[in-house]
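Data block below; observations after.
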Amino acid sequence: MKNIMMKWFKNIYGDNDDVRVYFAPGRVNLIGEHTDYNGGHVLPCALELGTYGAVRLRNDKVIRLYSMNYIEKGVIISSLDEISSTEELIYHRKDDWANYPKGVLWAFAQHSFMDIINRGMDILYYGDIPNGAGLSSSASIEVLTAYIIKEMFRIDISLKEISLLCQYAENKYVGVNCGIMDQFAIAMGKKDHAIFLNTDTLEYEYTPLNLGNNRIVIVNSNKRRELGDSKYNERRAECDEALRRLQTVVNKKTLGDFTIDEFERYKSIINDDTLIRRARHAVYENQRTINAMKSLQADDMVEFGELMMESHISLKNDYEVTGLHLDTLYESAIRQEGVIGARMTGAGFGGCTVNIVDVSHIDSFINNVGKEYEKITSLKADFYVAESGTGPKNLQYANNRVLY
Ligand code: GLA
């Protein structure tokens with residue numbers, strides 16, 4: 001990939017002297033969905049799929065951005081001066097995907113790094129994460145960009161701080177009130193491990209992905225998220241409102257602070273069926289995630305799989321973020337031989353499911369689920385037997401990686 005990037009860099013930007021190539025992964029969330037903005041736990045892992053960035057510093061303050069995934073958009077041009085102008089937030093919808101890297105630069109500017117970031121850059125991106133599928137292609141671009149800036153300007157900022165900076169960019173520049181899970185999982189990813197993260201305190205623990213004879217199979221519904229961002233913000237507001245009502249009778253900081261018993265005791269104070277269901281998902285999903293971590297540590301994949309299925313049902317009935325496409329993939333998956341667990345993953349409203357499948361049944365799983373899904377939805381699903389991956393890296397030094 002590195003060589004392909006170098007060739008493209010030359011085509012787009014004239015020559016490729018002094019170019020460096022970096023990589024940041026995507027992520028898949030195993031369990032703990034819509035808990036990260038409720039102070040709960042999540043259990044994602046980084047993937048081998050991800051985003052590559054080839055970069056070179058310039059002698060002026062111009063920023064040029066190009067994506068091999070969006071060649072029709074051409075080179076998108078900005079400048080450090082434009083991005084760091086604090087008087088107004090300059091957001092051009094037409095810049096489309098480039099608003100992610102621009103947002104990251106803007107976030108650096110907002111945190112007073114512009115005396116260090118004093119030269120422009122030409123950057124070329126390429127990603128192999130299916131986009132809009134709930135595998136965090138946008139957070140991958142963000143973390144990659146922040147990592148590139150850290151390295152190119154030798155900025156003393158930790159990977160954890162990078163994840164917070166990228167979340168800030170997404171919240172304040174792009175306008176999606178996402179939690180910390182995606183950026184954290186990508187920045188902190190560790191091969192063959194999942195990350196058990198407390199999103200309230202940012203305390204985390206790596207746990208080995210001992211899946212035994214099983215593999216993680218990701219299925220992309222190829223149903224793009226519709227109104228995903230506005231519905232996402234709506235769910236978040238509903239949880240905030242449910243918490244606000246609960247706080248009139250009980251002293252808790254987040255929905256993640258409630259045990260199931262406490263929630264059942266106080267829930268009537270919310271006094272609205274929809275809000276109760278949203279909060280119930282957040283509270284129960286947090287407990288499921290804590291239990292899922294324990295079952296992973298105890299090598300109890302059967303228990304882990306059951307928790308995944310409970311998670312899907314709760315996301316369907318209480319949180320209402322699944323829909324025909326994800327439900328069809330789920331229903332079909334759980335009927336297949338060798339399936340230990342299945343659920344939607346990511347924000348929902350389209351995107352992917354994540355499945356734990358016995359390795360000897362993967363072929364029949366792909367065949368049967370693919371056929372049933374197409375029959376019901378007229379769409380073809382894509383299947384990925386996922387490999388877990390590591391956080392951002394400079395590919396010059398990644399000698400243990402096959403640079404095809
Ligand atoms: C998106 C957001 C995350 C998280 C998930 C749902 O991926 O970016 O912060 O809220 O949805 O779990």
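Indexing begins at 1, ligand by ligand and atom by atom, following the structure's order. Everything numeric here is computed off the predicted structure, so don't read it as measured data.
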Legend entry - Contact with ligand 1 for Arg235, non-hydrogen, under 4.0 angstrom: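 Judged by the 4.0 Å heavy-atom criterion, Arg235 does not count as contacting ligand 1.
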Can you sort out which atoms of ligand 1 are near [X], meaning under 4.0 Å from one of its heavy atoms?
| X | result |
| --- | --- |
| Cys178 | 2 (C), 8 (O), 9 (O) |
| Gly179 | 9 (O) |
| Tyr232 | 1 (C), 2 (C), 3 (C), 4 (C), 9 (O), 10 (O), 11 (O) |
| Ala347 | 1 (C), 11 (O) |

Under 3.5 Å between any N/O of [X] and any N/O of ligand 1: does that happen in this structure?
| X | result |
| --- | --- |
| Ser136 | no |
| Arg27 | yes |
| Tyr37 | no |
| Asn29 | no |

Inset, instruction - Using the salt bridge (charged side-chain N to carboxylate O under 4.0 Å, His left out) rule, take Glu264 and Lys267 through it: C-alpha gap first, then chi angles, then the decisive distance, then the call. - result: CA-CA 5 Å; Glu264 292 298 335; Lys267 71 179 182 196; 2.6 Å; yes
For [atom], what is the closest protein heavy atom, and at what distance to 0.1 Å?
| atom | result |
| --- | --- |
| atom 8 (O) of ligand 1 | Asp182 OD2, 2.6 Å |
| atom 9 (O) of ligand 1 | Asp36 OD2, 2.6 Å |
| atom 5 (C) of ligand 1 | Met181 CE, 3.7 Å |

Inset, instruction - Measure from NZ or CZ of Lys2 to the centre of the six-membered ring of Tyr52, then state whether that distance is under 6.0 Å and the direction lies within 45° of the axis. - result: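 No, Lys2 and Tyr52 do not form such a contact.
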Legend entry - Ser314-Arg288 side chain donor-acceptor pair, cut-off 3.5 Å: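 Yes - a donor-acceptor pair under 3.5 Å links their side chains.
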Legend entry - NZ/NE/NH1/NH2 to OD/OE distance under 4.0 Å, Arg235 and Glu320: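 Result for this pair is no, no salt bridge flagged.
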Inset, instruction - Would you check if the side chain of Asp358 reaches a backbone N or O of Ser360 as a donor-acceptor pair within less than 3.5 Å? - result: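 Answer holds: yes.
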Inset, instruction - State whether the side chain of Glu170 and the backbone N or O of Ala139 hold a donor-acceptor pair below 3.5 Å, judged by distance alone. - result: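 No; zero donor-acceptor contacts below 3.5 Å.
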Legend entry - Flag side-chain contact, heavy atom, 4.5 Å: Arg64 against Ile76: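 Counting from C-beta outward, Arg64 and Ile76 never come under 4.5 Å.
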Inset, instruction - Give a yes or no on whether Asn213 atom CG has more than 12 heavy-atom contacts from other residues, nucleotides or ligands under 6.0 Å away. - result: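 Result for CG/Asn213: open.
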